[in-house]
Amino acid sequence: MTQPIFLIGPRGCGKTTVGHALARARHFQFSDTDHRLQAHEQRTVAEIVQAEGWARFRELETLSLKAVTLPNTVIATGGGIILAECNRQFMRENGVVIYLQASVSALIDRLEAYPKAEQRPTLTGKPVREEVGEVLAQREALYRDAAHHIVDATAAPDRVVEQIMTMLCGAAA
Ligand code: ADP
Ligand code: MG
């Protein structure tokens with residue numbers, strides 16, 4: 001299978017960590033929609049949002065998603081990529097979409113341990129502890145709607161990769 005693999009889920013669910021390991025395991029390239037966007041714009045997400053607002057950021061994110069969608073690539077997406085119906089449809093039609101589902105408590109632990117792991121402006125202006133649960137509650141249905149497969153991303157990264165490898169073998173059979 002050479003189709004791109006899209007990893008979706010909230011900030012801290014492991015898209016970057018698992019994405020790199022999965023790409024190694026499958027001998028795929030690794031891309032990240034936020035990294036591509038920031039490199040292309042020569043600005044951080046925070047700078048884009050501050051200067052032009054979230055709506056413009058979302059437009060640029062859709063362009064970035066299309067730009068990184070190539071065969072033999074594992075693609076880590078931004079947590080809000082699923083907000084746009086066109087992005088959900090594009091990913092489903094152009095690859096395999098995997099939702100890395102982690103518990104709210106695991107997400108909070110990770111984000112509090114590594115608050116700068118991903119430099120993103122807060123979505124609600126609230127502390128991480130409150131924001132994570134609130135944002136996930138709003139988005140959970142969209143992650144599920146977009147996903148072909150859901151994996152337990154509260155497990156250790158190696159286990160998450162194993163789950164995905166097993167699932168992909170099953171899907172190809
Ligand atoms: P995302 O790209 O989805 O925002 P990251 O891959 O940057 O998430 O992970 C956020 C933090 O959580 C990192 O510090 C990473 O080491 C840690 N982490 C990621 N996946 C796991 C996991 N399965 N188990 C434990 N810690 C993890
Ligand atoms: Mg990431």
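One-based numbering, in listed order, for ligands and for the atoms of each.
At a heavy-atom cutoff of 4.0 Å, ligand 1 is contacted by the backbone of A156 but not by its side chain. At a heavy-atom cutoff of 4.0 Å, ligand 1 is contacted by the backbone of P10 but not by its side chain.
Remark: ligand 1 atoms within the under-4.0 Å shell around heavy atoms of R11 are 4 (O). Within ligand 1, the atoms closer than 4.0 Å to a non-hydrogen atom of A153 are 23 (N), numbered from 1 in the order shown.
Residue G12 has at least one N or O atom closer than 3.5 Å to an N or O atom of ligand 1. Some N or O of G14 is nearer than 3.5 Å to an N or O of ligand 1, by distance alone. Note: an N/O pair closer than 3.5 Å links K15 and ligand 1 by distance alone. In terms of polar-atom proximity, defined here as any N/O pair under 3.5 Å, A155 does make such a contact with ligand 1.
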For residues 99-106, please give each side-chain donor-acceptor pair under 3.5 Å, one per line with the distance, not counting sequence neighbours.
unit_1, atom_1, unit_2, atom_2, d
Y99, OH, E140, OE1, 2.7
Q101, NE2, E140, OE2, 2.9
S103, OG, S105, OG, 3.4
S103, OG, A106, N, 3.1

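The backbone N or O of F30 sits nowhere less than 3.5 Å from a side-chain atom of T73 that would complete a donor-acceptor pair.
P4 places none of its side-chain heavy atoms less than 4.5 Å from the side chain of L70. Counting heavy atoms from C-beta outward, M167 and I98 have side chains that approach closer than 4.5 Å.
Ligand 1 has C13 within reach: a non-hydrogen atom of the residue lies less than 4.0 Å from it.
Between R56 and E41 no salt bridge is recorded (no basic side-chain N to carboxylate O distance below 4.0 Å).
I8 and A146 make their closest contact through CD1-CB, 3.9 Å (heavy atoms, listed as atom of the first residue, atom of the second, distance).
For the Mg ion (ligand 2), the set of nearby N, O or S atoms under 2.8 Å includes one belonging to T16.
In this structure R159 satisfies the side chain to side chain donor-acceptor pair (under 3.5 Å) test together with E162, sequence neighbours excluded.
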